[in-house]
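Contents: one structure, followed by commentary.
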Amino acid sequence: MSDVLHRLVEELSAGTLQVVDLTIPLGPDTVVIELPPMFAPSNGVSIEPISRYDDAGPAWYWNNLSFGEHTGTHFDAPIHWVTGAKQPNGTTDTIPPGRFVGPACVIDVEEAVAADSDFLLTPEGLAAWEALHGTVPRGAWVLLRTGWSRREGKEAFLNVADDGPHSPGFHQETSRILAEDRDVLGVGVETVGTDAGQAGAFDPPFPNHTTMHGAGKFGLASLCNLDQLPATGAVVIAAPLKIVDGSGSPLRVIALAPA
Ligand code: MN
C-alpha cells in the first residue's frame, strides 16, 4: 500500500482524521428550488415501499425512489447549463472520477450573510480570504460557508419575498476568477442552488451557473456542516450517481478533515 493511503487509514482509525458529512437528509421534506411559474418545476422526493418483510417480499425491505436530479444535496454537471452543453465529458456518466476529489477552500461569510441575505462574494472578498489562507489551488472545491443550512423549514430556507428569493451567492467576476484563473473543480454552497436568490435578475441571469458550467466546472448545492471544516486542509469527495446523460444528481458529499 502507498505510504499516504496507509497513513490515511491509520489516522482515520486513530481519529486524528475524521469524515465530515456535508449532506442533508434526502426525503419527502427535502426542499426543492421553486422557479417562476412560466418554467417547468422539478419534482421533490417520493419514496414508495416495494416491500417491507410482508406479503410483497417476506424477508426484504426496499423502495422505489423518484426525485429531480437537482434535489437536496446535489451535484450540478456542466451540461446542466446551456453554456456547458458542448463541454466534453460534461454529463454525470462521462466526468472522469478523478475530478470528484479535491482540496476544500472554505470561505466563511456567515457574519456578512447574517446582516445581508443577498450577500455576494466579490473578487475583493476572495482576495481577502486568499491573503489569509493562500491562493485557491488548481482543482479545489471552493465552499461558501454562509450558515444557510441552519435555516429550518421551506420558508426560511428559500426565503422568498414579493420580488423573488433572497439568498447569498457569488459575484459574476468571482465565478470567472475561480473558473478561469484558479481552475477549480467547482463551487459548493449551503443554499438551494449555486447562484444567489436574486440572480435571475442579474446580467447575465444566473451568472455562476453560466460561468462555471461554461468552463466545464461543477456545482454542489444544499451542503451542510461547512462550519466543521478548516479554511484549508480538508479534502472533499463528491461523486454523483452515474446517470446516463445526467445533468446532476443527489449525492453523499463527504470531507476528510483533521479532527
Ligand atoms: Mn442544481
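Note: hydrogens, waters and symmetry copies are ignored here, and every other heavy atom, side chains too, is used. In this text the structure is predicted, and so the values were computed from the model without any measurement. Order of appearance sets the numbers: ligands from 1, and atoms from 1 within every ligand.
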Quick check: does any side chain N or O of Asp93 sit under 3.5 Å from a backbone N or O of Asp245, one acting as donor and the other as acceptor?
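It does hold such a pair.
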With distance as the sole test, does Asp29 use its side chain to make a donor-acceptor pair with the main-chain N or O of Gly27 at under 3.5 Å?
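No.
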Name the one of Glu69, His74, His70, His213 that satisfies side chain to side chain donor-acceptor pair (under 3.5 Å) with His80?
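Single side chain to side chain donor-acceptor pair (under 3.5 Å) partner of His80 among Glu69, His74, His70, His213: His70.
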Shared hydrophobic cluster, Val20 / Val236 (ILVMFWY, side-chain heavy atoms < 4.5 Å):
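Yes: a chain of side-chain contacts under 4.5 Å links Val20 to Val236.
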Taking 4.0 angstrom as the limit, do Arg145 and Asp108 come out as a salt bridge?
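Between Asp108 and Arg145 there is a salt bridge, with a charged N closer than 4.0 Å to a carboxylate O.
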Protein N/O/S count near the Mn ion (ligand 1) (criterion: distance under 2.8 Å)
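With waters ignored, the protein N/O/S count below 2.8 Å is 3.
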For the residue pair Trp81 and His209, categorise the inter-ring angle as parallel (less than 30°), tilted (30 to 60°) or perpendicular (more than 60°).
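Tilted.
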